[in-house]
Amino acid sequence: MTSVSMKDVQKSFGKNHVLRGITFDTKVGEIFGLLGPSGSGKTTIINILTKQFGVDSGECFVSVGSNEIGLMLEHDGLFSRLSCADNLHVFREIYGIPKKRVEEVLESVGLSNATKTSADKLSKGMRQRLVIARAILHHPKILFLDEPTSALDPVTARGIYKLIMELREKGSTIFLTTHNMEEATNLCDRVVMLHDGKIIEQGNPKEICTRYNAIKTIHDLESVFIQLTGGGLK
């Protein structure tokens, strides 16, 4: 069953043509990755799918209502002076969720010892986990994560990976943007590779690598991307 899809989507901002005929679909219960360097169109796609932007042409489909979507976007939007628990209580009241859910979700992201710590006292990794906690507070069926491990150290990033896998195992569809090809290979069931607003390749990460490994010189998604575009991901 399809959970999210785009068909021939075009999007421009003034003279800047950001998306050029984007077509893909995601399946329920998978981790789906959007890969590409900054400016390739990843965040624009999420903004369109979450109805923050419209499209110039083409079709979009999201199988659930807005109250069943979880978001972790580029700007975390945390209330810096509020504690971790109080940040979540703000959104708990909006969704009408029982108070005990706040304790449950903070424990699930490893923040049970920081419930009374204000957001401005958290490390980068702890802030990321708090934002994920807020995104999953209402048990979303589709979770959009925009660069969830950006600027995190490897140990903290692995903790985020573990949490993402656990969410998928509980039935959530995860829609992930990243420019980290190793992250995509380890996490994603399928990926779309973006360059200059266009899809240049898509499929299972390991199958993509195999497809370009006929002469045993291409071993990872980063190498495939460089071969296809002549450039890296930065």
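None of the values given here were measured: they were computed from a predicted structure. The chain is numbered in sequence order, starting from 1.
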Say whether Thr156 and Asp153, considering side chains only, have a donor N or O and an acceptor N or O under 3.5 Å apart.
yes

Passing candidate, side-chain contact (heavy atoms from CB on, under 4.5 Å) with Leu34, options Leu194, Leu176, Ile22, Val191:
Leu194

Return the set of residues passing salt bridge (charged side-chain N to carboxylate O under 4.0 Å, His left out) with Glu183 (not counting sequence neighbours), or none when no residue passes.
none

Can you confirm whether Lys27 is buried at NZ, in the sense that more than 12 heavy atoms of other residues, nucleotides or ligands lie under 6.0 Å from that atom?
yes

What residue pairs, at least two apart or across chains, pass side chain to side chain donor-acceptor pair (under 3.5 Å) with a residue in residues 59-73?
Glu68-Lys141

Are Glu166 and Lys170 ion-paired here, with the side-chain N under 4.0 Å from a carboxylate O?
no

Show every ring-ring contact (aromatic ring centres under 6.0 Å, His included) that has at least one partner inside residues 139-167, sequence neighbours left out.
Phe144-Phe175

Check: His138 side chain, Ile69 main-chain N or O, donor-acceptor pair, under 3.5 Å
yes

Can you name the ring pair (Phe, Tyr, Trp, His ring centres under 6.0 Å) partners of His89, sequence neighbours left out?
none

Pi-cation contact, Phe53 with Lys51 (under 6.0 Å, within 45°):
no

With a 4.0 Å cut-off, would you call Glu30 and Arg168 a salt bridge?
no

Any donor-acceptor pair under 3.5 Å from Thr178 side chain to Asn180 backbone
yes

Under the 3.5 angstrom rule, does the side chain of Arg134 hit a backbone N or O of Arg129 as a donor-acceptor pair?
no

Would you call Asp146 and Lys42 a salt bridge, using N to O less than 4.0 angstrom?
no

CD of Glu104: more than 12 outside heavy atoms within 6.0 angstrom?
yes

Between Met6 and Asp25, does the side-chain contact (heavy atoms from CB on, under 4.5 Å) criterion hold? Intermediate values first, please.
CA-CA 6 Å; Met6 282 186 159; Asp25 65 86; over 6 Å; no

Passing option when Ile45 is tested against Thr43, Leu49, Ile48 for side-chain contact (heavy atoms from CB on, under 4.5 Å):
Leu49

Exercise answer: donor-acceptor pairs, residues 112-126 side-chain atoms, under 3.5 Å, sequence neighbours excluded:
residue	atom	partner	partner atom	Å
Ser118	OG	Asp120	OD1	2.5
Ser123	OG	Met126	N	3.2

Non-neighbouring partners of Asp86 that pass side chain to side chain donor-acceptor pair (under 3.5 Å), sequence neighbours left out:
Ser83

Has Arg190 got its NZ or CZ under 6.0 Å from the middle of the six-membered ring of Phe32, at an angle within 45 degrees of the ring axis?
no

Only one of Leu145, Ile174, Ile164 forms a side-chain contact (heavy atoms from CB on, under 4.5 Å) with Leu187, so which one is it?
Ile164

